[in-house]
Amino acid sequence: MPAISASAPGKIILLGEHAVVYGQPAIALPVTRVKVKAIITADPRSQPGRIHVQAPAIDLEANLDELPHTHPFKIAVAGTLIALGIKRAPACRIRITSTIPVASGMGSGAAVAVATIRALSTFLGHPLDNERVSAIAFEVEKVHHGTPSGIDNAVVTYVKPIYYTRNQPIEVLQVPAPFTIVIATTGIASSTAIAVGDVRSAWQADPGRWELLFSAMGKITRNARSLIETGQPFKLGDLMNADHRLLQELGVSSPELDHLVGIALEANALGAKLSGAGRGGNMIALVRMEDADMISTALLNAGATQAIITRVSG
Ligand code: PMV
């Protein structure tokens with residue numbers, strides 16, 4: 001049997017992170033320049049049911065039955081088998097490779113889950129549809145993040161710009177005028193679960209004030225949607241700057257993120273903000289296409305460990 005492979009892209013959140021956990025909308029974009037690939041080969045010499053996993057990027061090499069039940073990988077595989085009504089898979093080896101920076105807010109955990117679910121369901125002869133892939137990946141996200149909104153698994157599964165509100169159908173965004181984003185990695189690992197937990201504690205202590213911040217963020221995201229869908233993405237910069245200020249008030253920025261935001265704006269970006277959970281991870285900047293290389297270089301010179309240019313189109 002030939003090897004079966006499937007891949008899943010990275011992602012960024014353009015606007016609405018954290019507020020999305022509290023029912024506000026958010027916009028997420030796939031980043032196809034980085035990806036996770038899952039390759040599955042049959043292992044006919046091993047006992048049926050034996051699944052060997054190798055994922056060098058996260059230092060994992062094990063037989064699935066040696067992993068705890070709460071391991072994200074085990075949940076992805078178990079969720080796939082349950083969805084297909086299969087009790088025991090034929091013995092196989094799953095190898096995961098990735099170019100997505102880990103713990104940087106680029107959705108690497110969701111991408112590992114989505115690539116694995118797609119490859120495994122295809123290997124088993126019944127490729128799952130997007131809705132079911134995303135639902136299983138959401139269960140994996142719960143292990144990574146505690147109380148995820150579901151946005152990461154959705155954008156990584158659908159590989160389209162999405163407008164996402166918790167517990168509502170995913171809306172694919174029309175992007176009549178493409179735009180360019182530079183993503184700069186601080187090199188500081190950020191824990192989404194901790195940042196989301198801290199925001200939750202602060203909200204519980206003073207719900208009135210935090211609800212105001214979340215609804216201001218929601219308003220920004222709704223305005224951004226209309227700018228994107230009416231072909232005016234170059235006007236998103238001011239909204240990104242305003243959203244970054246609100247994220248600072250939420251306490252999820254960091255000196256490194258603020259520094260990179262300042263560098264991007266000095267270098268002529270149209271707007272810049274942290275993206276994802278914050279405290280580390282990534283900064284994103286909206287740029288004119290012709291400025292993208294120059295702004296990437298400025299960010300790398302200022303300490304970013306990686307800069308990725310991504311073009312967003314419908
Ligand atoms: O996985 P990250 O770092 O992109 O963060 C996800 C965005 C949050 O809104 C902070 C959490 C969530 O589940 O939506």
Side-chain angles (χ1 to χ4, degrees), residues 8-31 34 36 58 72 98 100-114 134-135 137-158 161-168 170 181 183-203 210-211 213-218 220-221 224 240 243-244 246-254 256-257 260 273-284 306 308 310:
K11 73 100 207 347
I12 50 171
I13 296 184
L14 179 66
L15 288 161
E17 50 274 271
H18 288 290
V20 68
V21 176
Y22 298 84
Q24 298 292 339
I27 294 173
L29 309 170
V31 179
V34 288
V36 164
I58 49 169
S98 175
I100 304 177
V102 177
S104 73
M106 286 197 74
S108 95
V112 169
V114 167
S134 186
F138 183 54
E139 296 306 312
V140 180
E141 285 291 281
K142 286 183 189 166
V143 181
H144 285 300
H145 295 174
T147 54
S149 63
I151 191 168
D152 279 23
N153 47 286
V155 65
V156 164
T157 300
Y158 287 83
I162 61 162
Y163 184 84
Y164 181 87
T165 310
R166 202 173 180 159
N167 299 326
Q168 286 187 25
I170 289 145
I181 300 274
I183 306 160
T185 308
T186 57
I188 298 166
S190 77
S191 160
T192 302
I194 293 175
V196 169
D198 288 352
V199 170
R200 184 170 296 279
S201 307
W203 167 71
W210 292 74
E211 296 287 347
L213 291 174
F214 297 142
S215 51
M217 290 173 160
I220 287 176
T221 304
M240 291 170 70
D243 201 57
H244 184 69
L246 292 168
L247 288 161
Q248 285 174 319
E249 273 194 62
L250 229 53
V252 294
S253 193
S254 70
E256 296 79 9
L257 284 163
L260 292 180
K273 63 181 279 288
L274 71 84
S275 173
R279 302 268 171 84
N282 288 314
M283 186 248 24
I284 58 172
Q306 192 173 355
I308 297 166
T310 187

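All ligand and atom numbering here is 1-based and tracks the order in the structure.
Residues with a heavy atom under 4.0 Å from ligand 1: K11, I13, E17, H18, V20, V21, G105, H145, P148, S149, I151, D152, T192, V196, G276, A277.
K273 NZ to D243 CG: the interatomic distance, rounded to the nearest 0.5 Å, is 5.0 Å.
Closest non-hydrogen pair, I183 versus I284, comes out as CG1-CG2, 4.1 Å. Contact between F214 and A19 at its shortest, heavy atoms only, is CD2-CA, 3.8 Å. For I27 against A224, the heavy-atom pair with the smallest separation is CD1-CB, 4.1 Å.
Enclosure of atom CD1 in I194 is not indicated, since only 12 or fewer non-hydrogen atoms of other residues, nucleotides or ligands lie within 6.0 angstrom.
For A184, the side-chain contact (heavy atoms from CB on, under 4.5 Å) partners at least two apart in sequence or on another chain are L260, M283, L299, A304.
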